[in-house]
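Presented below is the structure to which this report refers.
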There are 2 protein chains.
Amino acid sequence: MQTKKRRITQRGTESQTPRRARRSTGITTLMDVARIARVSPITASRALNTPGKVASETLARVREAVTQTGYVPNMLAGGLASSRSRLVAAVVPIIAGSVFLDMMQSLTDTLAAAGYQLMLGQSGYDIAREDALIDAIIGRRPDGIVITGVMHSAYARKRLAASGIPVVETWDLTHSPIDMLVGFSHEKTGVAVARFLHGRGSRRPAIISADDPRARRRVRAYVKAARKLAGMEEAIVEWVPSPTTLKQGRYGMARILGKHPDIDSIFCSSDLLALGVLTEALARGIDVPGRIAVVGFGDLAFAAEVHPPLTTVRIDGARIGREAAHFIVQRAQGKPVADRILDIGYSIVERASA
Amino acid sequence: MQTKKRRITQRGTESQTPRRARRSTGITTLMDVARIARVSPITASRALNTPGKVASETLARVREAVTQTGYVPNMLAGGLASSRSRLVAAVVPIIAGSVFLDMMQSLTDTLAAAGYQLMLGQSGYDIAREDALIDAIIGRRPDGIVITGVMHSAYARKRLAASGIPVVETWDLTHSPIDMLVGFSHEKTGVAVARFLHGRGSRRPAIISADDPRARRRVRAYVKAARKLAGMEEAIVEWVPSPTTLKQGRYGMARILGKHPDIDSIFCSSDLLALGVLTEALARGIDVPGRIAVVGFGDLAFAAEVHPPLTTVRIDGARIGREAAHFIVQRAQGKPVADRILDIGYSIVERASA
DNA sequence: GTGAAAGCGCTAACAG
DNA sequence: CTGTTAGCGCTTTCAC
């Protein structure tokens with residue numbers, strides 16, 4: 001073997017055997033495959049990525065070489081060369097016990113079907129960590145970023161906008177998204193529930209809500225709408241910390257009953273809270289919906305099967321995931337997205353609890 | 001500007017202006033930062049990665065240039081050059097409603113703290129998809145792979161072993177892991193629950209279990225252990241499909257009661273199933289634990305707060321995630337892991353339901 | 001403490 | 001349909 005090529009050094013030093021800068025990792029590369037298939041590396045690359053552009057006989061030789069060597073393409077190298085990483089990042093506030101699971105599920109599935117992988121990040125409740133997370137994500141040069149919940153940090157929003165990476169914000173509605181948006185109106189939801197409970201005869205309403213920005217907006221809209229409804233008293237509001245749990249629902253219910261034993265309905269900012277309310281009612285022998293009507297939020301899998309079945313606001317999380325994935329795949333294929341804002345709405349699922 | 005360098009072509013063609021092969025992406029690179037800071041790219045790199053090896057005055061100049069430009073390192077390029085991607089892949093059977101959420105949470109947190117990102121993959125229930133997933137993951141050259149549940153496919157196991165990537169299998173115990181392991185014994189768990197319920201006076205036991213391999217082993221161990229316990233009748237087993245839901249718990253309970261109304265205990269393969277059992281019992285006016293004792297599995301957040309509080313098998317999912325992350329970070333730092341198998345055990349949390 | 005050179009493994013851009 | 005060339009943006013190796 002001979003040294004294949006040599007550079008001319010700026011200063012015309014005498015020819016030395018150029019040192020080897022680095023040893024290869026030893027793993028099969030596309031060059032190995034190409035050598036075995038007796039084609040050039042680029043042809044091997046085409047055989048794998050755009051098989052239609054390669055003669056079938058060549059294709060067969062390359063495929064043979066791939067199976068023979070157990071070659072797995074290095075997507076770091078591919079991504080660097082093509083500036084398409086086929087990676088999509090998702091940011092969730094928290095993973096455990098989150099209402100975003102259905103969305104993550106469908107996002108992962110939809111993206112996998114299109115050849116993309118999902119990277120997961122937790123923004124948590126700390127702005128500094130959120131900023132660090134966004135930089136870490138941008139550093140991976142993903143082909144898209146899906147943000148669930150709200151991206152609070154102005155710094156992060158600026159970085160995202162500057163990165164040029166397609167961004168989909170979800171689970172909310174605004175007229176000025178960073179880029180694209182799949183969500184619904186929390187205000188409309190709050191108003192709808194107030195009217196629904198009023199229609200069911202509630203006059204002394206209470207609310208147990210997580211203290212997060214979107215739930216807060218639902219509550220505000222509910223309270224405001226309730227004031228305009230005939231005979232409706234001012235809604236009692238009990239705040240609980242995020243993330244919501246069954247436990248918080250029980251405690252919240254207990255606290256409300258302690259102060260206002262005569263309430264006749266409770267709107268909970270999550271189904272888990274509502275389940276806690278049902279549990280506390282059961283433990284105290286309070287009839288639901290007879291004495292108190294209960295409405296949840298989310299329509300999680302268990303909502304239909306608890307006792308009594310839970311009336312709740314249904315949000316199609318799986319659809320949010322699918323649509324967000326579609327947005328990003330569209331963009332990655334260079335197709336501009338016409339409508340950047342998609343309102344998937346909500347619905348109230350009437351069951352026995354209200 | 002002048003062409004900086006030129007290669008000597010094999011055949012000595014006359015000097016032509018070499019065409020520009022590709023345009024840069026236009027984003028700030030380390031070279032831009034280096035130019036502004038008036039240092040070489042490698043010094044800029046060192047300033048960011050090993051600041052201790054750079055003079056403080058140089059460091060300041062580089063940092064200034066970074067903030068000025070908004071530079072974000074391209075980790076695809078860095079990973080390719082260093083063959084350390086700082087990416088860890090996690091494989092879960094499904095995301096939604098999974099018992100692995102606590103683990104994913106702590107895995108994400110622990111890894112993020114060490115500077116790693118998590119990539120998520122769903123193996124689902126289809127072997128072909130599982131194989132494709134493993135190849136997609138290996139293609140990213142992650143610094144580690146955490147597998148939750150069981151990796152069924154022999155093909156995938158072979159590929160993983162051949163890839164040289166550190167692998168941590170979790171939630172189970174075997175003497176022949178692919179690489180490393182953090183889990184517990186499902187057999188011991190099953191035996192322990194059988195003994196526990198026997199000690200609580202159960203003689204006509206029933207089981208509602210998901211039809212997945214690990215749950216099946218718990219059931220088998222339970223049934224076998226029960227046969228040896230004085231006065232214990234053969235356990236009635238009702239299988240339900242994975243993933244388990246509250247609904248399955250209700251239906252399973254209903255089916256068992258239809259055939260064997262005199263059972264006095266039910267062991268459920270998940271807390272969600274157990275909650276379904278409690279719900280069905282409530283709907284039918286059956287006293288728990290008076291007439292039927294109920295034991296769950298998992299000790300999810302809600303277990304302590306349902307009515308009655310659920311006796312259940314506690315598995316420290318968060319710890320599994322932490323330990324798995326530690327294993328991988330250790331390996332990534334070149335430190336060999338002494339004990340590749342970690343049994344984190346289980347415990348029975350005694351509450352009112354049994 | 002700093003730098004020049006040489007790749008990591010792949011694909012875009014042309015040319016034939 | 002196939003090949004040559006030149007990078008993508010970073011870090012390793014070796015030298016000073």
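All chains are named by letter (A, B, ...) in the order of the sequence lines, taking the proteins before the strands, and each is independently numbered beginning at 1.
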Inset, instruction - Take the protein atom CD1 of A:I42 and the nucleotide atom C1' of C:dG9, then report the distance between them rounded to whole Å. - result: 12 Å

Legend entry - Check: A:T43 side chain, A:V39 main-chain N or O, donor-acceptor pair, under 3.5 Å: no

Inset, instruction - Specify the separation, in whole Å, of atom CG of B:N49 and atom C1' of D:dT12. - result: 12 Å

Inset, instruction - Would you kindly compare B:R38 and B:A77 by the position of their nearest DNA chain C nucleotide and give the one closer to the 5′ end? - result: B:R38

Legend entry - Out of C:dT2, D:dG9, C:dT11, whichever nucleotide has its closest atom nearest the side chain of B:L80: D:dG9

Inset, instruction - Check every atom of D:dT4, D:dG9, C:dG3 against the side chain of B:R46 and return the nucleotide holding the closest atom. - result: C:dG3

Inset, instruction - Take the protein atom CE of B:M31 and the nucleotide atom P of C:dA5, then report the distance between them rounded to whole Å. - result: 12 Å

Inset, instruction - Run the salt-bridge test on B:D109 and A:R129 with the 4.0 Å N-O cut-off and return the result as yes or no. - result: yes

Inset, instruction - Could you tell me whether the phosphate oxygens of C:dT2, OP1 or OP2, come under 4.0 Å of any side-chain nitrogen or oxygen in B:T43? - result: no

Inset, instruction - Please answer whether the main-chain N or O of A:V88 pairs with a side-chain N or O of A:D143 as donor and acceptor at a distance below 3.5 Å. - result: no

Legend entry - Phosphate-side-chain proximity, A:T29 and C:dG9, N/O vs OP1/OP2 below 4.0 Å: no

Legend entry - Whole-Å distance separating the CZ atom of B:R84 from the P atom of D:dG9: 21 Å

Legend entry - Gap between atom CD1 of A:I137 and atom CD of B:Q117 - 0.5 Å precision: 6.0 Å

Legend entry - Nucleotide of D:dT11, D:dG3, C:dT2 approaching B:L30 most closely (side-chain heavy atoms): D:dT11

Inset, instruction - Could you check which of D:dT2, C:dT11, D:dC10 has an atom nearest any side-chain atom of A:T58? - result: D:dT2

